[in-house]
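Along the sequence shown, residues carry numbers from 1.
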Amino acid sequence: MNKFELEPVKIVKEGISYERLDGEVVVISMLTGKYFSLDNVASDIFWLIENCIDQEIWAPILEKSYKDFDGVGINEFIHLGMDVGIFINTDEQFGNKSGSLPNDCERGSWTKPVLTVFDDLQDLLMIDPIHDASVEGWPKVRDEQAVVS
């Protein structure tokens, strides 16, 4: 185990879409219809995982960018990401021993990484746009009583 005693994880590739913008990441699960917001600290950890950065060098990378870095919350963030289906355990060895965080936001003091889960669009995200959409098209759902001729 490394300094944070983390399980090796990688991002689930199937059914997941994500985008980083201005230091925040939005992840959408097409499998569950949920979407997730990762704050700046969480998005940086996500970036480390996405880029296969060896966990042994996470601390030096994060110490350069965050004041008072202590690693608090990393384990909980990883486990929550696994619980909601964003991360999965892996046996892969990540040999990437170099890297620096993207320069797309300002960073201050270390805070616990936050992963916020949303399910308010779950019904829309779970619609099959070809088979479930109405004649008017997505996102209107076809009436189950409608007769197709």
Name all residues meeting the side chain to side chain contact (heavy atoms under 4.5 Å, CB included) criterion together with Ser17; count only those two or more places apart in sequence or in a different chain, and write none if there are none.
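Per chain and number, Ser17 pairs via side chain to side chain contact (heavy atoms under 4.5 Å, CB included) with Met30.
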
Could you check Trp58 against Asp44 for side chain to side chain contact (heavy atoms under 4.5 Å, CB included), going step by step and ending with a plain yes or no?
CA-CA 10 Å; Trp58 284 18; Asp44 284 339; over 6 Å; no

[atom1] of [X] to [atom2] of [Y]: how many Å apart, nearest 0.5 Å?
| X | Y | atom1 | atom2 | value |
| --- | --- | --- | --- | --- |
| Lys64 | Phe69 | NZ | CZ | 12.5 Å |
| Gln55 | Ile45 | CD | CD1 | 10.5 Å |
| Asp104 | Leu21 | CG | CG | 8.0 Å |
| Arg20 | Asn40 | CZ | CG | 7.5 Å |
| Ile49 | Ile78 | CD1 | CD1 | 3.5 Å |

Considering only heavy atoms from C-beta outward, does the side chain of [X] approach that of [Y] to under 4.5 Å?
| X | Y | answer |
| --- | --- | --- |
| Leu48 | Leu62 | yes |
| Lys34 | Val84 | no |
| Asp39 | Phe77 | no |
| Val41 | Val114 | no |

Using every non-hydrogen atom in the two residues, find where [X] and [Y] come nearest and quote the distance to one decimal.
| X | Y | value |
| --- | --- | --- |
| Gly85 | Ile16 | O-CD1, 3.8 Å |
| Val25 | Ser43 | CG2-CB, 3.4 Å |
| Pro113 | Gly73 | CG-O, 3.5 Å |
| Leu31 | Glu14 | CD1-O, 3.7 Å |
| Phe118 | Ser37 | CE1-CB, 3.8 Å |

Give a yes or no answer on whether the side chain of Asn51 reaches the backbone of Ile53 with a donor-acceptor pair at less than 3.5 Å.
no

Is the backbone N or O of Leu101 less than 3.5 Å from a side-chain atom of Trp47, with the two atoms forming a donor-acceptor pair by type?
no

Take atom NZ of Lys67 as the centre, draw a 6.0 Å sphere, and report whether it contains more than 12 heavy atoms from other residues, nucleotides or ligands.
no

Can you say whether the rings of Phe46 and Phe87 are parallel (under 30°), tilted (30 to 60°) or perpendicular (over 60°)?
tilted

Partner of Tyr18 by side chain to side chain contact (heavy atoms under 4.5 Å, CB included), out of Ile86, Val26, Leu38, Ile11:
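The single option meeting the side chain to side chain contact (heavy atoms under 4.5 Å, CB included) with Tyr18 is Ile11.
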
Any residue meeting salt bridge (Lys or Arg N to Asp or Glu O under 4.0 Å) with Lys112, in chain and number order, not counting sequence neighbours
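Partners of Lys112 by the salt bridge (Lys or Arg N to Asp or Glu O under 4.0 Å) criterion come out as none, since no residue qualifies.
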
